[in-house]
Structure formats: structure tokens, C-alpha cells
Amino acid sequence: MAKNGTESASGPTVTGARRAPAGAAVLREDKTAAIRAAVFEELAAVGFARMSIEGIARRAGVGKTAVYRRWRSKLHLVLDVVSAVAVAGLPAPDTGALRGDVRMLLEVAARALRHPMASQVIPDLLAEAARSPELAAALKTALHDSQEGVAAAVVARAVERGELPADVDSRLALDLLTGPLYWRLLVTRDELPAGYLDALAGSVTAALGAE
């Protein structure tokens, strides 16, 4: 018997090594990733109301128990996925000029909102959020709070460069950046005409009081 350790038939184990409790389930990361991806696909296909753990498991290629080991309900699963999106965040651009930063943010946002999955999932979750305070709070974090930090960073750098007045409202900047795109791409479902993002970038910077 080895001192300060354990020993098996194949020889001594590493001293102090942790072992999973007998009968404990090992949560494989590849299965967790597959389930998270399946949530977005299922939301886009059937919506939150009709989404089921069975459908998610089938799409992910796992058993229902694999889902329930990780999340106790579809709401908690969606909350986790939405929170993960918020953590990923969007890096604040730094082109050296406010208009360049705004134009880049608009381009990234437009590309995301044009994605077929996002165009189905976001409006559906916002509608469901009216009935679920938990989901509403998670969406606020993912779709607003995480992006507010980006807008604040862009505004702060513009203030430092003397492009914007010190009292500019970064929350107004976020509204101006996201509102028109959300309206056109997710509400009226219109295509963006040529030059639209350039014109919008000019309008946003002017509205913020850029010099």
C-alpha cells in the first residue's frame, strides 16, 4: 500500500487526486454544446411555446435525461443559453473616429439581425418575455445591458477625442444604433437599401452632437 495515496490493481494512483462520487453523471462538454445549439434551432423552427425537451434532445442527438441532468426545464435551458450569449458580448470597435465606430457597430448588428435564426428567435422570445419575468430579465441582459457597455465605450472614446460633448447619453446612443435596424429588419422585414448604413451612421453621430 502506498503512503498518503491509494492503490489499484494497476498500481498507485496520484496522491490527492479527486475521483467522481460513485454513480455521479459525467457531463460531457460536447453533449452540452450540442444541446445549446439545438435550442436555437428548435426555437427558430417551432418557437418557445411549442418547444419541448423531447424536441431539443432529438435535435441534439441525445436522450432526454442528458438534458434534464443539466437543466430542470426548457425555461431554465433557454435562460442559460441567453445568458451565455450575453457573456460572449460584442467587442467595442476602435477605428479612431466616432463615425467609423458607429458604422462598424451598425454593420455587425445588421449582419446578426439578418441571420435567419436570429430573425425568428428574437421576436419570439421578446413576445414570450411579456409572460415570463425571468425570461424578460435574461433578455434584458443579453440584448440590452451587454450592448450598453459597448455603446458606453464608444461614446467615452469619442468624448476623449473631443468628438462628443461630455454630457452625451450613452443609452441614447444605443437606442439610436439599434432601434432603426430592429424596426426595419425584424418588424417591417424590409431590406436595407444601398447606402443605408452609411446614412444611418451619419444620422446617429449627428444626433449625438458630434462635432
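Just so you know, these numbers use all the heavy atoms, side chains as well, and skip hydrogens, waters and symmetry mates.
Scanning for side chain to side chain contact (heavy atoms under 4.5 Å, CB included) contacts around Ala151 gives Leu174, with sequence neighbours left out. Applying the salt bridge (charged side-chain N to carboxylate O under 4.0 Å, His left out) criterion to Asp190, with sequence neighbours excluded, gives no partner residue. Ser119 is linked by a side chain to side chain contact (heavy atoms under 4.5 Å, CB included) to Leu186, Arg189, counting only residues two or more places apart in sequence or in another chain. Thr95 pairs by the side chain to side chain donor-acceptor pair (under 3.5 Å) definition with Asp101, not counting sequence neighbours. Evaluation of the side chain to side chain contact (heavy atoms under 4.5 Å, CB included) rule for Leu126 yields Ile122, Leu139, Leu143, Tyr182 as partners, not counting sequence neighbours. By the salt bridge (charged side-chain N to carboxylate O under 4.0 Å, His left out) test, Arg131 pairs with Glu128, sequence neighbours left out.
A distance of 7.5 Å separates OG1 of Thr205 from CG of Leu208, quoted to the nearest 0.5 Å. Separation of atoms CG (Leu176) and CG (Leu181) is listed at 11.0 Å; rounding is to 0.5 Å. In this structure, CD in Glu148 is found 10.5 Å from OG1 in Thr178, a value given to the nearest 0.5 Å.
Judged as a salt bridge (Lys or Arg N to Asp or Glu O under 4.0 Å), the pairs with a partner in residues 43-54 (not counting sequence neighbours) are, in order, Glu54-Lys64. Residues in residues 177-188 take part in no salt bridge (Lys or Arg N to Asp or Glu O under 4.0 Å) pair, two or more places apart or across chains. Within the structure, salt bridge (Lys or Arg N to Asp or Glu O under 4.0 Å) contacts touching residues 116-127 (residues at least two apart or in different chains) do not occur.
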Using distance only, find each side-chain donor-acceptor pair of residues 39-47 under 3.5 Å and give its atom names and separation, not counting sequence neighbours.
{"unit_1": "Glu42", "atom_1": "OE1", "unit_2": "Arg59", "atom_2": "NE", "d": "2.7"}
{"unit_1": "Glu42", "atom_1": "OE1", "unit_2": "Arg59", "atom_2": "NH2", "d": "3.0"}

Quick one: side chains of residues 102-117, donor-acceptor pairs under 3.5 Å with protein atoms, not counting sequence neighbours, listed by atom name and distance.
{"unit_1": "Arg103", "atom_1": "NE", "unit_2": "Asp198", "atom_2": "OD1", "d": "2.6"}
{"unit_1": "Arg103", "atom_1": "NH1", "unit_2": "Glu107", "atom_2": "OE1", "d": "3.1"}
{"unit_1": "His115", "atom_1": "ND1", "unit_2": "Met117", "atom_2": "N", "d": "3.0"}

Donor-acceptor pairs are to be reported for all side-chain atoms of residues 74-82 against protein atoms at under 3.5 Å, with residues two or more places apart or in another chain.
{"unit_1": "Lys74", "atom_1": "NZ", "unit_2": "Phe48", "atom_2": "O", "d": "2.6"}
{"unit_1": "Lys74", "atom_1": "NZ", "unit_2": "Ala49", "atom_2": "O", "d": "3.2"}
{"unit_1": "Lys74", "atom_1": "NZ", "unit_2": "Met51", "atom_2": "O", "d": "2.9"}
{"unit_1": "His76", "atom_1": "ND1", "unit_2": "Ser73", "atom_2": "OG", "d": "2.7"}
{"unit_1": "His76", "atom_1": "NE2", "unit_2": "Arg72", "atom_2": "NH2", "d": "2.8"}
{"unit_1": "Asp80", "atom_1": "OD2", "unit_2": "Arg36", "atom_2": "NE", "d": "3.0"}
{"unit_1": "Asp80", "atom_1": "OD2", "unit_2": "Arg36", "atom_2": "NH2", "d": "2.8"}
{"unit_1": "Asp80", "atom_1": "OD2", "unit_2": "Trp71", "atom_2": "NE1", "d": "3.4"}

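Looking at every heavy atom in both residues, Val150 comes nearest to Ala92 through CG1-CA, 3.8 Å. Scanning all heavy atoms of the two residues, the minimum distance from Ala34 to Ala60 falls at O-CB, 3.6 Å.
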